[in-house]
> 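Attaching a single structure in structure tokens format; questions to follow.
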Amino acid sequence: MSTAHSDAELRERAEQRWEAERLIAALYAPEDDALRATVDAAAQADLPAIQISPLQGQLLAVLAAACGARLILEIGALAGYSGIHLARALPPGGRLITLEYEPRHAEVARASFERAGLADRVEVRVGPALENLPALADLAPFDMVFIDADKPGYPEYLDWALRLTRPGSVIVADNTLRGGGAALRPPTDSTDEGTSAMYTYNQRVATDPRLRSIALPIDEDGLDGLSISVVLPPG
Ligand code: SAH
Ligand code: DHB
Ligand code: MG
């Protein structure tokens with residue numbers, strides 16, 4: 001147990017873990033020009049630098065390939081960084097629909113997909129996700145859903161993800177650990193709305209009999225992570 005280790009030992013372990021992550025990212029998830037240009041374009045346009053990390057992007061791509069995703073839904077496009085990872089994992093003829101509230105973000109995202117040569121397979125739909133989700137029933141089932149928009153919305157996005165998927169589909173949500181697992185502890189009066197919604201999200205995906213789920217501590221700061229769920233066959 002960690003109590004058996006001195007502070008120095010813990011620090012040493014944390015540093016080794018960081019170094020391993022850097023090496024994994026360098027080998028498994030090197031960024032190319034299109035990804036770097038997306039980060040640059042976001043900064044130029046004064047968008048917040050809150051895109052997923054290269055390792056998270058590679059994990060999304062691995063999951064998309066593992067479930068043979070041909071149709072993917074993303075909620076929260078920002079500048080298109082995660083969307084590029086997802087769209088690149090699609091086979092020819094595959095399609096990514098990404099929902100974005102801010103017209104300014106959507107514009108940067110469209111330019112990113114264009115630059116990456118992915119404009120033919122990605123569609124950015126602008127507006128509050130909850131207003132755009134109902135119409136997606138016509139395209140369902142989606143093979144994969146990536147939730148990464150406003151945090152209080154996650155429980156409702158999960159409801160939609162369940163409606164719009166099929167057994168075998170994968171549902172991934174970013175930021176479900178929040179600050180080193182805060183969203184795994186029951187909320188108190190001082191818990192913010194987003195963290196409280198993440199608590200609900202974690203509780204639901206961990207216990208819903210329709211899903212088999214895991215949460216992984218994986219992100220640039222080492223303090224947040226992704227929840228990953230597979231939709232199970234009925235029964
Ligand atoms: N997935 C992106 C990061 C998304 S950041 C990446 O990793 O590259 C969250 C995005 O969700 C922001 O662009 C924000 O404008 C958008 N957003 C916030 N509320 C939203 C809503 N109600 N509907 C759709 N998008 C929303
Ligand atoms: C925020 C949003 C994200 O999706 C993220 O990965 C990090 C931060 C935010 O709203 O601050
Ligand atoms: Mg996020």
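We count ligands from 1, going down the list as the structure has it; atoms in each ligand are counted the same way.
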> Could you identify the single nearest non-hydrogen protein atom to atom 4 (C) of ligand 1 and state the distance to 0.1 Å?
D148 O, 3.3 Å
> Name the closest protein heavy atom to atom 15 (O) of ligand 1, giving the residue it belongs to and the distance to 0.1 Å.
E100 OE2, 2.6 Å
> Does I52 approach ligand 2 within less than 4.0 angstrom via side chain, backbone, both or neither, non-hydrogen atoms only?
neither
> Can you tell me the N, O or S atom of D148 that's nearest the Mg ion (ligand 3)?
OD1
> Would you kindly specify which portion of I50 sits under 4.0 Å from ligand 2, judged on non-hydrogen atoms: side chain, backbone, both or neither?
both
> One residue to check: P48. Relative to ligand 1, which of side chain, backbone, both or neither has a non-hydrogen atom less than 4.0 Å away?
neither
> Check if P128 has a non-hydrogen atom at a distance under 4.0 Å from any atom of ligand 1.
yes
> Check H105 against ligand 1 and report side chain, backbone, both or neither, counting heavy atoms closer than 4.0 Å.
side chain
> Starting from atom 26 (C) of ligand 1, find the nearest protein heavy-atom neighbour and note its residue, name and distance.
Y101 CB, 3.4 Å
> With a 3.5 Å cut-off and no angle check, do the side chains of E31 and Y81 form a donor-acceptor pair?
yes
> Would you say I75 touches ligand 1, if touching means a heavy atom closer than 4.0 Å?
no
> Is A77 in contact with ligand 1, taking contact as a heavy-atom separation below 4.0 Å?
yes
> Under a heavy-atom criterion of less than 4.0 Å, does Q51 contact ligand 2?
no
> Considering only N, O or S atoms, which atom of D174 is nearest to the Mg ion (ligand 3)?
OD2
> Using a distance-only test with no angle check, is there a side-chain donor-acceptor pair under 3.5 angstrom linking S82 and Q51?
no
> Can an N, O or S atom be found in D224 less than 2.8 Å away from the Mg ion (ligand 3)?
no
> For atom 6 (C) of ligand 1, what's the nearest protein heavy atom and its distance?
S82 OG, 3.0 Å
